[in-house]
Structure formats: structure tokens, C-alpha cells
A.B. asks: 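Have a look at this one before I ask anything.
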Amino acid sequence: MLKMSTLFLRTLRDDPADAEVASHRLLVRAGYIRRIAAGIYSWLPLGVLTLRNIENVVRQEMDQAGFQEVHFPALLPREAYEITHRWKEYGPSLFRLQDRKGGDYLLGPTHEEMFTLMVKSEYSSYKDLPLSIYQIQTKYRDEARPRSGIIRGREFVMKDSYSFDFDDAGLEESYQKHRDAYISCFNRLGMKYNIVKAVAGAMGGSKSEEFLAPCATGEDTYVLCPACGYAANVEAMQTKVAPGNAQGVPAMEELDTPHTPTIDSLVAVMNANFGGGYTASDTLKNIMLVADGKAISVLVPGDREVDLKRLQENLSGVHELRVFEEADFAQYPALVKGYIGPQDALKSGITLYADPRVAPGTSWISGANKKDRHARFVLNGRDFIPDAYVEAAEVRTGDSCPECGTDVIIDRAIEIGHIFQLGRKYSQALNLTVLDSNGKSQTVTMGSYGIGVSRAVAAIAEQTCDELGLNWPKELAPAKVHIVATGKDDLPFDTALKLGSDLEAMGISVMLDDRRDASAGVKFKDAELIGNPIIVVVGRGLVDGNVEVRIRATGVKNDVALTQATSSIAALLS
RNA sequence: CGGGGCGUAGCGUAGUGGCUAGCGCGCCUGCUUUGGGAGCAGGAGACCGGGAGUUCGAAUCUCCCCGCCCCGACCA
């Protein structure tokens with residue numbers, strides 16, 4: 001039984017000055033966590049209990065699915081990460097250090113390499129597969145900007161699993177098993193979440209989905225279709241646009257459009273001099289970018305910005321993407337800044353990408369590649385032909401769902417899980433093979449699957465808290481029942497202690513506020529702040545043989561006969 | 001890394017050149033109180049983020065450094 005008289009806990013009456021988001025404020029105020037450095041937190045007893053509860057739900061669901069728990073060190077030698085090039089590619093986000101002999105080490109940000117090597121050292125036959133193993137472990141990433149308390153830290157607890165299969169069908173099956181296990185896990189954690197299509201991105205591999213907990217303070221943006229349930233990360237959102245009707249589009253016509261280097265100025269001149277009714281969406285924006293040192297050209301409708309992150313994710317294999325600077329324009333004198341059009345792209349030799357919204361058969365107003373000149377009736381398929389189509393334009397609320405055409409909404413969320421089909425990227429690099437039934441070596445295919453365990457503490461706090469404080473689902477709370485003894489006589493304190501013992505004997509965890517010197521008001525405030533699901537007040541009702549049972553989440557209060565208290569509480573918790 | 005804000009006791013803060021750095025919460029002692037963050041009295045607790053400088057005099061002004069928060073870039 002957790003007794004408040006001795007519990008290592010100090011709640012704060014004021015919000016800490018360095019906390020802004022609700023989960024951070026409340027976890028600090030209620031005495032769950034304390035900041036040590038940017039993105040690095042200590043856990044006090046209440047925090048540890050909650051974290052362990054979440055860990056245990058995750059662990060049970062993993063074990064239930066047949067995955068086996070292992071454990072790796074956080075402190076790792078450089079070698080394996082050198083082979084997969086991540087020692088370099090991970091860049092400044094990797095915590096690196098040296099031992100006394102000058103050997104390079106790192107604090108593991110994720111463990112694909114180590115898991116792959118572990119399987120390699122134990123297994124060598126197709127008969128050993130499939131295999132899924134996992135760990136719950138502390139990860140280290142030197143984030144450029146840790147934020148929102150425990151939501152994005154530099155040290156955090158993650159459950160990471162890895163699946164090993166003989167072939168693609170096996171990988172698909174392991175992936176689905178993980179997906180199902182994640183669904184039951186997050187359901188049990190009492191979270192609201194969406195499963196969202198994601199781009200595999202830097203991890204390589206093909207298929208990837210994120211589990212996103214909707215939350216205004218979340219840092220991920222995703223697209224949701226209210227009609228069919230289609231959900232995608234904004235990077236992964238697909239644009240479906242019908243081809244334009246090229247029939248009857250007049251010949252391309254060059255126009256005199258002085259002083260129109262921007263879309264707004266161009267639309268104004270078009271409406272003034274070349275007939276009305278033009279809007280930015282009739283124009284074509286031709287953005288010059290540098291992708292890993294190579295100039296590329298991207299077409300998007302004039303009323304949309306290029307979403308660099310989205311573009312980069314969809315240009316597979318591009319590590320660095322930036323917009324043209326003056327120096328880049330200097331290298332391409334044929335490009336007239338502000339008046340670039342795709343008509344001469346072939347001549348320039350620069351790869352021309354088009355957003356799907358710039359569909360075949362659509363015609364546009366674009367730059368004419370001459371200062372103060374534009375062209376209209378510039379037809380895709382006749383006047384220019386993109387080398388490739390790529391998702392580049394920003395996604396907006398009201399865009400069409402690629403599945404059903406309904407207007408999508410855009411929402412924010414916290415990423416609490418991510419599942420990947422990695423394929424053979426790591427097994428190939430580290431040479432993880434097994435013998436097939438013909439005695440031939442075959443490269444194993446892998447998946448990786450993560451749950452942000454410490455982040456889930458914050459995400460659940462965000463989703464469940466109210467103006468009074470935290471408000472945990474019963475399986476996660478530090479204790480299921482929070483008993484408050486009030487008054488100055490011994491009776492309520494003795495009764496409360498007895499009630500607590502009875503509940504614990506029934507397997508119900510109890511926190512008992514047995515402080516003799518704290519006023520009732522303080523105890524009520526603390527109970528609400530700490531957020532255990534059931535609060536029982538043992539005090540003045542005792543003269544009638546009653547205790548008061550409150551539901552933290554709803555605020556509902558009921559007097560219950562002391563003799564019925566344990567059974568009534570047990571019923572509430574079942 | 002760019003932009004903005006901030007750093008005074010465990011927490012929240014006042015103090016913008018001049019007495020011993022003030023207040024609230026929390027903490028300690030005593031008395032009173034005990035169903036919504038109690039009252040009175042007494043007390044402990046601060047190298048005012050660090051360093052250098054300006055000045056008769058610096059929490060306060062100047063420079064450098066460190067740290068923290070927010071927005072952006074970045075983020076398996």
C-alpha cells in the first residue's frame with residue numbers, strides 16, 4: 001500500500017515555469033517526473049509505477065503474440081553501425097563516446113544491427129524461422145530540439161521488436177501479427193489512435209504504418225477521411241487527379257507580363273490584361289531544388305507550396321533536399337528567376353518532376369523562360385512532358401480522399417507506434433542468411449516495430465487529463481484506489497487503513513492518504529491531481545456507516561455502506 | 001542551426017545603479033484548526049546561472065560563456 005505519509009512525493013501547487021504542454025505540466029506538478037537536462041527526466045515513485053504498468057501491458061501483449069523478450073545494452077561498440085553506415089548517416093543525433101582505450105562507442109538510438117547480428121550468431125536454417133524478438137529498453141538520440149517534456153526526449157523508453165522471415169509472404173504475416181498485437185496493446189492502454197499510412201523513408205523497406213494518438217499538442221500531422229477512414233501521414237497522402245481534357249486547348253501563347261515574378265503579381269496582370277477569372281490555381285509554379293547536389297525542377301499548382309519533407313520522402317534515396325539559392329541560379333543562366341517554365345526543360349537537361357495535380361492533359365499559365373514574359377495554354381503532354389510524377393505539393397484540409405473522394409481533414413497527433421517492413425536492408429548489409437531446403441543460402445527478410453513506452457505515458461496523460469489533473473485508465477494508474485482519510489480522530493484513519501488492506505488482499509492496489517497534518521482540501525486536490533481512477537473518502541460519512549466513492553474521470557460521487565465498500569469498488573474496477 | 005523569450009531559496013515570483021534581496025507556496029517549532037489547496041506566532045533556507053569588465057557602489061549596465069523554454073529547420 002502506498003501511504004502518502006511516507007511516499008517519496010511532493011506535489012506542486014503551481015505549474016512549473018518551463019512546462020507548457022498539459023502532460024508535462026501535470027506530470028511534474030503531480031510528482032511523477034523531474035527534469036534533469038533538456039529532454040532528460042528522472043522518474044519518481046508514481047512515475048515509475050505508471051511507466052512499469054505501461055511496460056507490463058506492452059510486454060504481456062508481445063508475449064501473448066508469441067514474441068520473445070531479449071535485452072541489449074544501450075552502450076554499443078561502433079563496428080556494427082559502421083557496416084550499415086549508420087555511424088555516419090545518423091549524424092549528430094547519435095550520442096558517441098570513447099572508452100579509455102580510445103575505442104568508439106555509441107548509445108543505441110535503435111537496435112536493428114544488434115538484433116540482426118544476434119539472430120545471425122544463433123540461427124542458420126530456414127526451419128528456425130519465423131522469429132520475432134523484442135526488448136523494452138532505454139534509447140538515446142541527441143535530438144536537435146527536445147520538446148514537450150517527455151514526448152520528445154533525448155533519453156526515452158522504447159519497445160522495439162524485429163521479425164525475421166524466410167520470404168516476403170512470411171514477412172507480411174509477421175507484420176500483420178505485430179499490427180494485431182499493437183491494436184490490442186493500444187486498446188488496452190485506453191488510447192485513442194489512428195493507424196496511418198506512412199512512407200518507409202530513411203529506414204528503407206516497403207510498407208510502413210504509424211499509430212498516431214490524436215492530440216492538439218502532437219507534433220505529427222496526418223490526413224484523415226471522415227467518410228471511409230482512410231488515414232495517412234501527410235508525407236504519404238496520395239493525390240488522385242483525373243487527366244485533363246486536352247481537346248480544344250489553344251496553341252501555347254506567349255504573353256507580355258511585366259513585373260510579375262510572383263504568383264500574386266502574375267494573377268493580377270493576367271486579370272487586368274488578358275481577360276478575367278484567373279486565380280493562382282491556374283498558374284504553374286516551377287520550383288528549382290537541389291537534391292543531393294543535383295539540380296531538379298518540380299511543378300506544382302501556383303496556389304500550393306512545395307512541401308519539402310513530403311517531396312523528399314517521396315523522392316526515394318534523397319538525403320538532402322533544399323531550394324535553389326542565388327549561387328545555384330548563377331550556375332544555370334538559362335533559368336530566369338520568377339519566369340521559369342517547363343517548356344524548355346528538355347533543353348536544360350534538368351530532371352523535371354511534376355506533382356500529380358499537374359496531370360497529363362492539363363493546361364497552365366507558366367513562365368516563358370524570359371524576363372517579364374509568361375505563356376498560357378501550356379499543355380502537359382504537348383508543350384512539356386514531366387520526366388516523373390512525385391507527390392510534392394502541400395496537403396490541405398478539403399483535399400480529396402484517394403480512396404473515396406471525400407474532403408479529408410488534417411489533424412495533429414503524437415506518434416506512439418511505428419511498424420515497418422524493412423525487407424533485406426540490414427540482413428544484406430550484415431549478411432544474415434539461412435540455408436533453404438535445397439541447402440542454398442538465402443537472405444532473411446526483416447521487419448521492425450516500435451512503441452514509444454515513455455512517450456505513451458505522456459500521450460495517455462494528454463488524452464485523459466482535465467483541468468483538475470491527471471486521470472489514468474485503471475490499468476495504468478499508480479494505484480487503482482486512492483483512499484483519503486479525513487478528520488482528526490483515529491477512527492477514519494484506522495478505518496481507511498483497514499479498507500485499504502482489505503482491498504489489497506483482493507488484489508486491488510491502493511494509495512492511502514494517511515497524512516494527519518494535511519487538511520481535507522489538500523488531500524482532495526492531491527488525489528485529483530495524481531489521477532487514480534477511484535477516490536474513496538473515509539470521513540464524516542462514517543457516523544452513518546458510509547464512505548464516499550468517487551469516480552475520478554466523471555466526478556460522480558456516491559455514498560456506499562462501509563460493509564459494501566470492497567465489493568462495490570471491485571465491481572467498479574471490473 | 002536560424003528566430004523569439006527566460007535564468008533571483010525546493011516551486012512560483014517582485015526587485016532595471018544606492019541600506020541587511022522582498023513576497024506567496026512548500027519546509028521546521030509551538031498553539032489553534034480539520035470535507036475543497038486552514039489561522040496565528042516564531043524560524044531555517046539565495047555566492048541573484050558562471051566569468052570578466054564599467055562604477056565609490058552591480059541582481060540591476062557592458063562583453064563573453066553556460067543552461068532552459070517556445071516557433072522553425074531536423075527527427076529509426
Side-chain angles (χ1 to χ4, degrees), chain A residues 9-21 24-25 28-29 31 34-40 81 84 86 89-94 108-113 115 139-149 151-154 156 158 160-162 198-205 208 210 217 219-220 235 308-309 312-313 319-323 415 417-420 422 425-426 446-452 455 468-469 484-489 492-493 513 515-529 535 537-543 547-548 550 555 557 559:
Chain A
L9 168 72
R10 190 101 306 154
T11 58
L12 304 176
R13 197 175 289 218
D14 300 306
D15 282 334
D18 62 358
E20 205 139 302
V21 304
H24 187 197
R25 279 189 290 114
V28 172
R29 266 192 66 203
R34 293 287 182 259
R35 193 181 61 74
I36 295 297
I40 302 178
Y81 288 77
T84 54
R86 287 212 286 189
E89 283 176 6
Y90 224 102
S93 297
L94 192 63
T110 175
H111 281 71
E112 280 77 8
E113 285 84 351
F115 272 79
K139 306 289 188 199
Y140 297 86
R141 293 181 196 174
D142 193 1
E143 295 285 348
R145 182 151 93 84
R147 74 185 96 177
S148 309
I151 292 177
R152 174 171 294 280
R154 295 192 293 170
F156 56 97
M158 176 161 132
D160 49 327
S161 323
Y162 304 85
V199 183
M203 286 294 291
S208 157
E210 292 172 350
T217 51
E219 50 183 352
D220 285 37
E235 286 82 53
L308 278 180
K309 193 174 170 187
Q312 182 172 351
E313 293 284 355
H319 290 104
E320 197 207 339
L321 186 67
R322 61 174 177 83
V323 295
E415 180 185 344
H418 201 159
I419 54 178
F420 284 94
L422 286 177
K425 175 175 174 178
Y426 292 91
M446 294 171 54
S448 84
Y449 316 88
I451 290 178
R455 177 181 282 182
L468 297 174
V484 175
T486 66
K488 52 186 169 183
D489 305 321
F493 288 85
D513 199 338
R515 291 175 293 179
R516 301 296 290 244
D517 52 352
S519 71
V522 168
K523 295 179 183 178
F524 294 153
K525 291 286 185 198
D526 274 347
E528 283 148 354
L529 178 62
I535 299 168
V537 184
V538 181
R540 65 182 181 195
L542 276 184
V543 295
V547 297
E548 187 180 286
R550 304 179 178 179
K557 309 175 183 181
D559 282 338

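Letters A, B, ... are given to chains in the order of the sequence lines, protein chains preceding strands, and every chain is numbered from 1. As a basis for the values below, the full set of heavy atoms in this structure was taken, side chains included, without hydrogen atoms, waters or symmetry mates.
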A.B. asks: Need one value for A:Asp526: base, sugar-phosphate or nothing, where a base atom within 4.0 Å counts as base even if backbone is also close, heavy atoms only.
C.D. replies: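 Base: the residue A:Asp526, judged by heavy atoms under 4.0 Å, touches a nucleobase.
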
A.B. asks: Counting only Watson-Crick pairs (N1-N3 plus N6-O4 or O6-N4) and G-U wobbles (N1-O2, O6-N3), all under 3.5 Å, who is the partner of B:C6?
C.D. replies: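 Pairing partner: B:G67.
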
A.B. asks: Over how many whole Å does the gap from A:Asp15 atom CG to B:G26 atom P extend?
C.D. replies: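 Interatomic distance, CG of A:Asp15 to P of B:G26: 16 Å.
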
A.B. asks: In whole Å, what is the span from the CD1 atom of A:Ile535 to the C1' atom of B:G36?
C.D. replies: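 Distance, rounded to whole Å: 12 Å.
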
A.B. asks: To the nearest 0.5 Å, what is the distance between OH on A:Tyr81 and CG on A:Leu94?
C.D. replies: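 So the gap between those two atoms works out to 8.0 Å.
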
A.B. asks: Only pairs with both distances under 3.5 Å count, Watson-Crick or wobble alike; so what is the partner of B:U62 in this structure?
C.D. replies: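 Here B:U62 is engaged in a pair, and the nucleotide opposite it is B:A52.
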
A.B. asks: Given the P atoms of B:C47 and B:G51, what is the spacing between them in whole Å?
C.D. replies: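 Taking atom P in both B:C47 and B:G51, they lie 12 Å apart.
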
A.B. asks: Can A:Arg455 be said to sit on top of A:Phe156's aromatic six-ring, NZ or CZ under 6.0 Å from centre and within 45° of the ring axis?
C.D. replies: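 Because its charged atom misses either the 6.0 Å distance or the 45° angle limit, A:Arg455 does not stack over A:Phe156.
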
A.B. asks: When the C1' atoms of B:C28 and B:G7 are considered, how many whole Å apart are they?
C.D. replies: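 These two C1' atoms come out 29 Å apart once rounded.
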
A.B. asks: Mind checking the C1' distance from B:G57 to B:A21? Whole angstroms is fine.
C.D. replies: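 After rounding to an integer number of Å, I get 16 Å for this pair.
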
A.B. asks: Quick check: does any side chain N or O of A:Lys309 sit under 3.5 Å from a backbone N or O of A:Glu235, one acting as donor and the other as acceptor?
C.D. replies: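 Such a contact is absent between A:Lys309 side chain and A:Glu235 backbone.
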
A.B. asks: Is A:Arg34 touching bases, backbone alone, or none of the nucleic acid, heavy atoms closer than 4.0 Å?
C.D. replies: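 It contacts nothing in the nucleic acid.
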
A.B. asks: Given the C1' atoms of B:A9 and B:A46, what is the spacing between them in whole Å?
C.D. replies: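 Looking at atom C1' only, B:A9 and B:A46 are 5 Å apart.
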
A.B. asks: Whole-Å distance between B:G35 C1' and A:Arg515 CZ?
C.D. replies: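 A:Arg515 atom CZ is separated from B:G35 atom C1' by 15 Å.
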
A.B. asks: Output yes when A:Asp513 and A:Arg515 qualify as a salt bridge under the 4.0 Å nitrogen-oxygen rule, no when they do not.
C.D. replies: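 Yes, A:Asp513 and A:Arg515 are salt-bridged.
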
A.B. asks: Mind checking who B:A41 pairs with, Watson-Crick or G-U wobble, both distances under 3.5 Å?
C.D. replies: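 Answer to the pairing question: B:U29, which forms a Watson-Crick or G-U pair with B:A41.
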
A.B. asks: Whole Å only: how far is the CG atom of A:Leu12 from the P atom of B:C27?
C.D. replies: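 These atoms are roughly 12 Å apart.
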
A.B. asks: Please determine whether any donor N or O and acceptor N or O are separated by less than 3.5 Å between the side chain of A:Arg25 and the base of B:G12.
C.D. replies: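 Between B:G12 and A:Arg25, which were checked side chain against base, a qualifying N/O pair under 3.5 Å is absent.
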
A.B. asks: Name the pairing partner of B:U16, where a pair is Watson-Crick or G-U wobble with both distances under 3.5 Å, or state none.
C.D. replies: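 Pair assignment: B:U16 / none.
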
A.B. asks: Contact class for A:Val484 vs. all strands (heavy atom < 4.0 Å): base, sugar-phosphate, or nothing?
C.D. replies: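 No contact at all - A:Val484 keeps every heavy atom at 4.0 Å or more from the nucleic acid.
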
A.B. asks: Counting primed atoms plus P, OP1 and OP2 as sugar-phosphate and everything else as base, spell out the protein contacts along nucleotides 65-74 of chain B at 4.0 Å heavy-atom distance: B, S or - for each nucleotide, 5' to 3'.
C.D. replies: ---SSBBBBB

A.B. asks: To the nearest Å, give me how far apart CG (A:Asp489) and C1' (B:U34) are.
C.D. replies: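 To the nearest whole Å, that distance equals 10 Å.
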
A.B. asks: Do the rings of A:His418 and A:Phe420 sit parallel, tilted or perpendicular, given the 30° and 60° boundaries?
C.D. replies: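 Correct class here is parallel.
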
A.B. asks: Does a salt bridge link A:Arg86 with A:Glu112, judged by any charged N lying under 4.0 Å from a carboxylate O?
C.D. replies: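 A salt bridge is present here (some side-chain N lies under 4.0 Å from a carboxylate O).
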
A.B. asks: When you compare B:U34 with B:C48, how far apart are their C1' atoms, in angstrom units rounded to a whole number?
C.D. replies: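 Per the computed distance, 39 Å lies between those C1' atoms.
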
A.B. asks: Nearest 0.5 angstrom please: A:Asp15 CG to A:Arg29 CZ, how far?
C.D. replies: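 So the CG of A:Asp15 and the CZ of A:Arg29 are separated by 5.5 Å.
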
A.B. asks: Under a 3.5 Å cut-off for both distances, is B:C1 Watson-Crick or wobble paired, and to whom?
C.D. replies: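 By the stated definition (distances under 3.5 Å), B:G72 pairs with B:C1.
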
A.B. asks: Closest to the A:Pro16 side chain: B:G12, B:G36, B:A38?
C.D. replies: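 Out of B:G12, B:G36, B:A38, the nucleotide with an atom closest to A:Pro16's side chain is B:G12.
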
A.B. asks: Rounded to whole Å, how long is the line connecting atom CZ of A:Arg540 with atom P of B:U33?
C.D. replies: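 In whole Å, B:U33 P lies 19 Å from A:Arg540 CZ.
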
A.B. asks: B:C75 C1' sits how many Å from A:Glu210 CD, rounded?
C.D. replies: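 It works out to 12 Å between those atoms.
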
A.B. asks: Please state the P separation for the pair B:C68 and B:C63 - nearest whole angstrom.
C.D. replies: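 Taking atom P in both B:C68 and B:C63, they lie 23 Å apart.
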
A.B. asks: Quick one: is A:Ser519 getting a side-chain N or O under 4.0 Å of the B:U34 phosphate, OP1 or OP2?
C.D. replies: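 No, A:Ser519 has no side-chain N/O under 4.0 Å of OP1/OP2 on B:U34.
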
A.B. asks: Distance between the P atoms of B:C1 and B:C61, in whole angstroms?
C.D. replies: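 My reading of the P atoms in B:C1 and B:C61 gives 27 Å.
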
A.B. asks: Go nucleotide by nucleotide along RNA chain B from the 5' end; which of A:Lys488 and A:Pro109 gets its closest nucleotide reached first?
C.D. replies: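 Whichever sits nearer the 5' end wins; that is A:Lys488.
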
A.B. asks: Mind checking the CD-CD spacing from A:Glu210 to A:Glu415? Nearest 0.5 Å is all I need.
C.D. replies: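 Reported to 0.5 Å precision, the distance equals 4.0 Å.
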
A.B. asks: So among A:Val484, A:Ile535, A:Val537, which one has a side-chain contact (heavy atoms from CB on, under 4.5 Å) with A:Glu548?
C.D. replies: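 Passing option: A:Val537.
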
A.B. asks: Could you tell me the separation between the CZ atom of A:Arg29 and the C1' atom of B:G26, rounded to a whole number of Å?
C.D. replies: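 Atom CZ in A:Arg29 sits about 13 Å away from atom C1' in B:G26.
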
A.B. asks: Would you measure the distance from the C1' atom in B:G67 across to the matching atom in B:U29 and give it in whole Å?
C.D. replies: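 Looking at atom C1' only, B:G67 and B:U29 are 38 Å apart.
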
A.B. asks: To the side chain of A:Glu548, which of B:G36, B:C11, B:G35 is closest?
C.D. replies: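 So the nucleotide nearest the side chain must be B:G35.
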
